[in-house]
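This report concerns only the one structure given below.
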Amino acid sequence: RTLTRVHRPHPPHPHATMGGGNGQKSKTARDKKMADMKGQGGGSQLKTNEKAMNVQCKVCLTAFMCTLSEIKLKEHSDMKHPKDDFYRCFPHLTPEAKTETASASAAAEAA
């Protein structure tokens, strides 16, 4: 009678695994950088940009970045609302509103 043995593969040798090439090093570096950025709250800047959209056209309610120049806002007013006044679209940019804002910020700094 012949005994049949169940074939069990040997466990791999711990030093026999391939790896450590340039591709793996690059991936490891990318993964580490992504983990660091998540810890810092980095990564996507969409939420920050959304918070900066605080200038709004009062006619069509389009939001603009706060860093946008008055010239670009004037272009929007002229192109989208030619029959309306620029200050109707952006009332916070009237000369009176600017002086009120300046005086309010000066009073806040003095306090």
Side-chain angles (χ1 to χ4, degrees):
R1 187 170 11 145
T2 320
L3 294 174
T4 57
R5 298 172 83 184
V6 177
H7 177 68
R8 292 187 194 143
H10 295 285
H13 191 271
H15 301 293
T17 59
M18 296 292 287
N22 288 336
Q24 184 179 5
K25 290 176 186 175
S26 298
K27 182 183 180 313
T28 304
R30 272 194 309 273
D31 292 344
K32 184 177 180 192
K33 186 174 180 181
M34 289 297 286
D36 289 345
M37 299 234 349
K38 283 184 183 177
Q40 295 174 359
S44 179
Q45 199 173 354
L46 292 175
K47 291 181 182 175
T48 307
N49 290 348
E50 194 173 300
K51 289 179 186 175
M53 302 283 275
N54 59 358
V55 176
Q56 189 176 38
C57 174
K58 300 301 178 189
V59 176
C60 64
L61 302 178
T62 302
F64 297 96
M65 297 278 292
C66 62
T67 57
L68 199 63
S69 68
E70 286 188 37
I71 296 168
K72 294 292 184 184
L73 296 176
K74 179 88 171 117
E75 286 178 9
H76 167 80
S77 162
D78 293 342
M79 299 297 282
K80 299 289 183 179
H81 316 292
K83 295 180 182 177
D84 291 320
D85 184 37
F86 171 72
Y87 296 116
R88 183 168 183 269
C89 293
F90 305 102
H92 67 282
L93 295 175
T94 60
E96 298 85 28
K98 284 185 180 180
T99 55
E100 288 174 15
T101 305
S103 62
S105 63
E109 288 178 10

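Every heavy atom of this structure was used, including side-chain atoms; hydrogens, water molecules and symmetry mates were not.
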State the [atom1]-[atom2] distance between [X] and [Y], to the nearest 0.5 angstrom.
X   : Y   : atom1 : atom2 : value
K83 : S77 : NZ    : OG    : 14.0 Å
L73 : D78 : CG    : CG    : 11.0 Å
K74 : C89 : NZ    : SG    : 9.0 Å

Query - Q56 side-chain N/O to L61 backbone N/O, donor-acceptor pair under 3.5 Å - result: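 At least one qualifying donor-acceptor pair exists.
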Report task. Determine, using the 4.5 Å side-chain heavy-atom cutoff (strictly less than), whether L68 and Y87 are members of one ILVMFWY cluster. Result ->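 L68 clusters together with Y87.
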Report task. Indicate if M65 and V55 have the same hydrophobic cluster label, given that clusters are the connected sets of ILVMFWY residues with side-chain heavy-atom separations under 4.5 angstrom. Result ->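 In one cluster with M65: V55, no.
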Query - Check against side chain to side chain contact (heavy atoms under 4.5 Å, CB included), C57 and H81 - result: CA-CA 10 Å; C57 174; H81 316 292; 3.5 Å; yes
Requested in this report: Mind listing the closest non-hydrogen atom pair of T62 and C60 along with its distance?
Outcome: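 Scanning both residues completely, I find the closest heavy atoms to be OG1-SG, 2.9 Å.
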Query raised in the report: Do you know the tightest heavy-atom contact between C66 and N54?
Result: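 For C66 and N54, the tightest heavy-atom pair comes out as CB-OD1, 2.9 Å.
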Query raised in the report: Does a sphere of radius 6.0 Å around CD1 in I71 hold more than 12 heavy atoms from other residues, nucleotides or ligands, not counting ones at 6.0 Å or beyond?
Result: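 Atom CD1 in I71 is not crowded, with 12 or fewer foreign heavy atoms closer than 6.0 Å.
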Query raised in the report: Does F64 have any ring pair (Phe, Tyr, Trp, His ring centres under 6.0 Å) partners at least two apart in sequence or in another chain, and if so, which?
Result: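 By the ring pair (Phe, Tyr, Trp, His ring centres under 6.0 Å) rule, F64 matches H76, F90.
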